[in-house]
2 protein chains.
Amino acid sequence: METKYNMVKRAIQSDIMDGTYLPHQKISSESELMAQFKVSRHTVRLAIGDLVAKGWLYREQGSGTFCADREEEQDTIQAVERKNIAIITTYISDYIFPSIIRGAESILSQAGYQVSIFSTNNDHEKEREILEKILSQPFDGVIVEPTKSAFSNPNINYYLNLERLSIPYIMINAYYDELEPMSLVMNDEKGGFIQTEHLIQLGHTEIAGIFKTDDLQGTQRMKGFLKAHRRYGIPLNPKNIITYHTEEKETKPVQELEKMLFSEEARDITGLVSYNDELVMNVLNLLRNKRMQVPGDLSIVGYDDSFFTEVSEVKLTSVAHPKSDMGKAAAKTILDLIKRKNSNKVNVSKQLEPIVYDPSLIVRGSTVKVGGVEVS
Amino acid sequence: METKYNMVKRAIQSDIMDGTYLPHQKISSESELMAQFKVSRHTVRLAIGDLVAKGWLYREQGSGTFCADREEEQDTIQAVERKNIAIITTYISDYIFPSIIRGAESILSQAGYQVSIFSTNNDHEKEREILEKILSQPFDGVIVEPTKSAFSNPNINYYLNLERLSIPYIMINAYYDELEPMSLVMNDEKGGFIQTEHLIQLGHTEIAGIFKTDDLQGTQRMKGFLKAHRRYGIPLNPKNIITYHTEEKETKPVQELEKMLFSEEARDITGLVSYNDELVMNVLNLLRNKRMQVPGDLSIVGYDDSFFTEVSEVKLTSVAHPKSDMGKAAAKTILDLIKRKNSNKVNVSKQLEPIVYDPSLIVRGSTVKVGGVEVS
DNA sequence: TCCGATTTGTTCGTATGTATG
DNA sequence: GCATACATACGAACAAATCGG
């Protein structure tokens with residue numbers, strides 16, 4: 001059970017961290033806070049007193065309570081050398097993130113840094129909590145994989161606050177456009193393009209595409225999918241595209257595909273471009289039940305070149321993802337930014353050019369010429 | 001004009017400075033101070049609150065207010081605000097550890113703790129470095145998966161130091177016998193037993209076993225493998241057993257198996273007990289090249305019930321591993337230990353009984369009656 | 001320069017909840 | 001179970017500083 005003064009305290013801290021209150025700005029008066037939270041003056045003063053003691057606020061009698069400037073103080077704290085870096089991902093255990101985390105951890109621990117991990121579960125609210133935690137502690141740098149990157153982010157202010165406190169951060173896999181942060185991403189549009197191009201060059205003309213549309217990767221890959229069709233003059237039936245959101249990943253895409261392939265109005269799909277390898281595994285289960293052959297009846301191109309490509313019976317054609325290399329590069333970049341910051345004392349997050357990984361296709365057994373025999 | 005609470009404050013400070021109150025000694029209770037200075041309780045609390053914030057005193061509900069030991073102030077002041085837990089695993093990204101880490105992270109972050117991760121790469125030297133780092137920082141608890149747990153550990157002293165500093169730690173998957181720590185492990189001997197028993201009950205008598213012998217899990221599973229043979233009166237040819245160390249995992253076990261199955265002195269092996277599912281994947285690749293059918297020609301039992309069991313064409317019979325449940329349980333246990341420590345001020349690491357997970361076999365398509373048809 | 005409204009500072013009283021020994 | 005000690009929360013009153021008119 002949370003205490004009232006703690007609620008007030010956290011609310012004020014939030015307002016400080018998301019930039020509602022800027023340094024030296026006056027915060028709401030005690031009576032305003034009393035009304036706002038429907039608590040007694042005593043409770044408000046208790047909350048404010050705590051924050052004053054911790055150096056978040058300062059009071060001036062007769063004038064008001066003000067947001068403190070915690071930046072100057074930062075230096076003194078940093079004198080105590082504690083090298084700490086935060087990694088925020090959407091999911092810790094799923095899929096390719098462990099590789100990314102491992103890559104980053106190996107570099108960072110070698111450089112004497114300690115790595116703290118956080119996962120948002122692709123939820124903006126959780127992301128906010130994590131950013132608040134990071135802002136209230138002495139982190140030297142942050143590596144973040146954006147949550148629901150296709151949508152505008154309600155936590156932009158927290159990232160701006162990182163900049164204000166000159167804590168370097170970089171984004172991997174995707175980035176929030178508004179921030180123009182240093183980032184390490186794939187050229188996902190090109191990735192989607194070469195996935196599709198590969199099938200087109202094998203003679204496929206009726207190609208289904210399944211894309212996750214709540215992150216930037218998915219929307220970009222879909223863009224590449226469309227572009228390839230246009231480039232090669234292949235007419236694209238809008239019904240060939242299936243989109244889904246993270247929460248639906250276990251159900252909707254496979255259900256929709258089942259409809260597309262096996263319902264009465266089924267069309268003669270011969271190729272499939274998948275958002276990623278993980279999804280292909282679900283698709284393969286469906287096809288196995290329906291006695292459909294891969295690649296005989298359906299050629300499939302995955303994305304990420306994950307371990308799935310090797311363990312399934314049909315080795316999967318897939319787009320290579322840098323994975324642990326990306327993690328390592330991210331780690332090196334953040335170390336570089338920290339070094340620059342400590343020498344220049346200026347915000348350099350945006351001085352570096354984003355690193356864009358060019359995708360390349362790893363052709364394996366899951367794709368063949370349309371109607372054709374396995375190439376192997 | 002001096003305020004009342006300031007008088008009380010200065011009086012207490014004086015008593016601390018002139019040695020009337022020694023570190024960790026209980027000071028007068030609030031009601032005593034009320035009488036002594038003839039002020040209200042609120043005023044006393046205001047004075048004490050100030051001194052607590054400045055680190056001169058600390059309060060314990062139900063017990064009293066105590067003089068702080070300002071020698072160790074640096075440590076305590078950080079420890080109070082920073083709820084930090086370390087997780088040490090052998091490998092961060094491989095296999096089932098991501099699930100364990102995720103399970104632990106979800107519980108710990110919910111409890112407001114921050115999770116720092118370290119990986120030893122199964123190397124004692126790296127483990128030592130990590131333990132040194134942890135000992136020099138304010139961690140509240142440590143969850144550790146032992147490195148090379150089958151061997152005696154050269155870093156025992158570091159763990160004893162954790163105990164001396166009363167930092168709770170627990171071990172998962174295995175434990176160093178000398179320490180008798182709180183641990184969460186599987187009954188690996190029983191696991192190896194039921195793997196083998198399953199094949200025996202299907203009529204197999206020539207069963208190969210592959211075990212990793214540098215961790216406790218592997219040696220225990222091998223023990224179960226032997227026990228099952230004895231129990232059922234099946235003679236066991238020592239040549240049916242292959243052992244390997246972590247560094248050899250990509251080469252030796254498969255090479256040895258190839259020799260066992262396909263060389264001139266090959267024997268008629270019909271069943272295979274594998275240290276884990278990951279290894280089975282390598283085995284399956286070998287068998288595919290050799291055009292050997294699973295389960296038709298060889299029945300295979302894996303261990304860990306990992307994602308591999310579901311993605312391969314032949315669904316794998318395997319022993320269930322608690323994975324993220326184990327991570328969650330580990331997190332809850334360490335939180336419990338921290339709570340006890342903060343209340344009792346004694347080392348309680350060893351007061352809890354180790355949690356042992358009983359293994360259970362998940363039967364899928366990779367095992368059939370000897371010489372028989374697939375059961376499906 | 002003073003006034004009055006606002007805002008924080010100090011102090012009292014009271015009540016109930018929760019942890020400790 | 002009980003007394004003790006700290007924790008949370010409400011209410012009220014007056015003091016002292018600030019600021020705009």
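Both backbone and side-chain heavy atoms feed into the values below; hydrogens, waters and symmetry mates do not. Proteins get letters first, then strands, A, B, ... in listed order; numbering begins at 1 in each.
The distance from atom NZ of B:K9 to atom P of C:dG9 is 13 Å, rounded to the nearest whole Å. Rounded to whole angstrom, the span from the CD atom of A:E2 across to the P atom of D:dA7 amounts to 17 Å. Computed from coordinates, the A:L46 CG to C:dT8 P distance equals 16 Å when rounded to whole Å. Nucleotide D:dT4 holds its P atom 14 Å from the CE atom of B:M34, rounded to whole Å. A:H42 places its NE2 atom 15 Å from the P atom of C:dT14, with the value rounded to the nearest Å. Separating the CZ atom of A:F66 from the P atom of C:dT8 is a distance of 8 Å, rounded to the nearest angstrom. Atom P of nucleotide C:dT20 and atom NZ of B:K26 are separated by 15 Å, given to the nearest angstrom. B:I48 places its CD1 atom 12 Å from the P atom of D:dA5, with the value rounded to the nearest Å.
Two end axes, each from the C1' atoms of five base pairs, can be drawn for the helix from C:dC2-D:dG21 to C:dG21-D:dC2; they diverge by 20°, to 10 degrees.
Closest to the side chain of B:S63, from the set C:dG9, C:dG21, D:dA7, is C:dG21. Of the candidate nucleotides C:dT11, D:dA7, D:dA5, D:dA5 has the atom lying nearest to any side-chain atom of B:S29. The nucleotide whose nearest atom lies closest to any side-chain atom of B:R59 is, among D:dC6, C:dC12, C:dG9, D:dC6. With D:dT8, D:dA15, D:dC6 as the choices, the nucleotide that has an atom nearest any side-chain atom of A:Q61 turns out to be D:dA15.
A close approach under 4.0 Å does not occur between any side-chain nitrogen or oxygen of B:T65 and OP1 or OP2 of D:dA5. At the phosphate of D:dC10, OP1 or OP2 sits under 4.0 Å from a side-chain N or O atom of A:K4.
A residue-by-residue look at B:E32 and A:N6 shows that B:E32 has its nearest nucleotide of DNA chain D further toward the 5' end.
Side chain B:R41 to base D:dA7: a donor-acceptor pair is found below 3.5 Å.
Qualifying side chain to side chain contact (heavy atoms under 4.5 Å, CB included) partners for A:Q61, counting only residues two or more places apart in sequence or in other chains: none.
At the heavy-atom level, B:T43 lies under 4.0 Å from the strands shown only through sugar-phosphate atoms.
For A:D214 and A:K148, the salt-bridge test passes: some basic side-chain N is under 4.0 Å from an acidic carboxylate O. One finds no salt bridge joining B:K133 and B:E129 here, because no Lys/Arg side-chain nitrogen approaches an Asp/Glu carboxylate oxygen to under 4.0 Å.
Between A:Y58 and A:F66, the ring planes lie parallel to each other; the angle is under 30°, not in the 30° to 60° tilted range.
Looking at B:S119 and A:E105, their side chains do bring a donor and an acceptor atom within 3.5 Å of each other. Between A:E127 and A:N153, the side chains place a donor N or O and an acceptor N or O closer than 3.5 Å (distance only, hydrogens not considered). Between the side chains of B:T90 and B:E145, at least one donor N or O lies within less than 3.5 Å of an accepting N or O.
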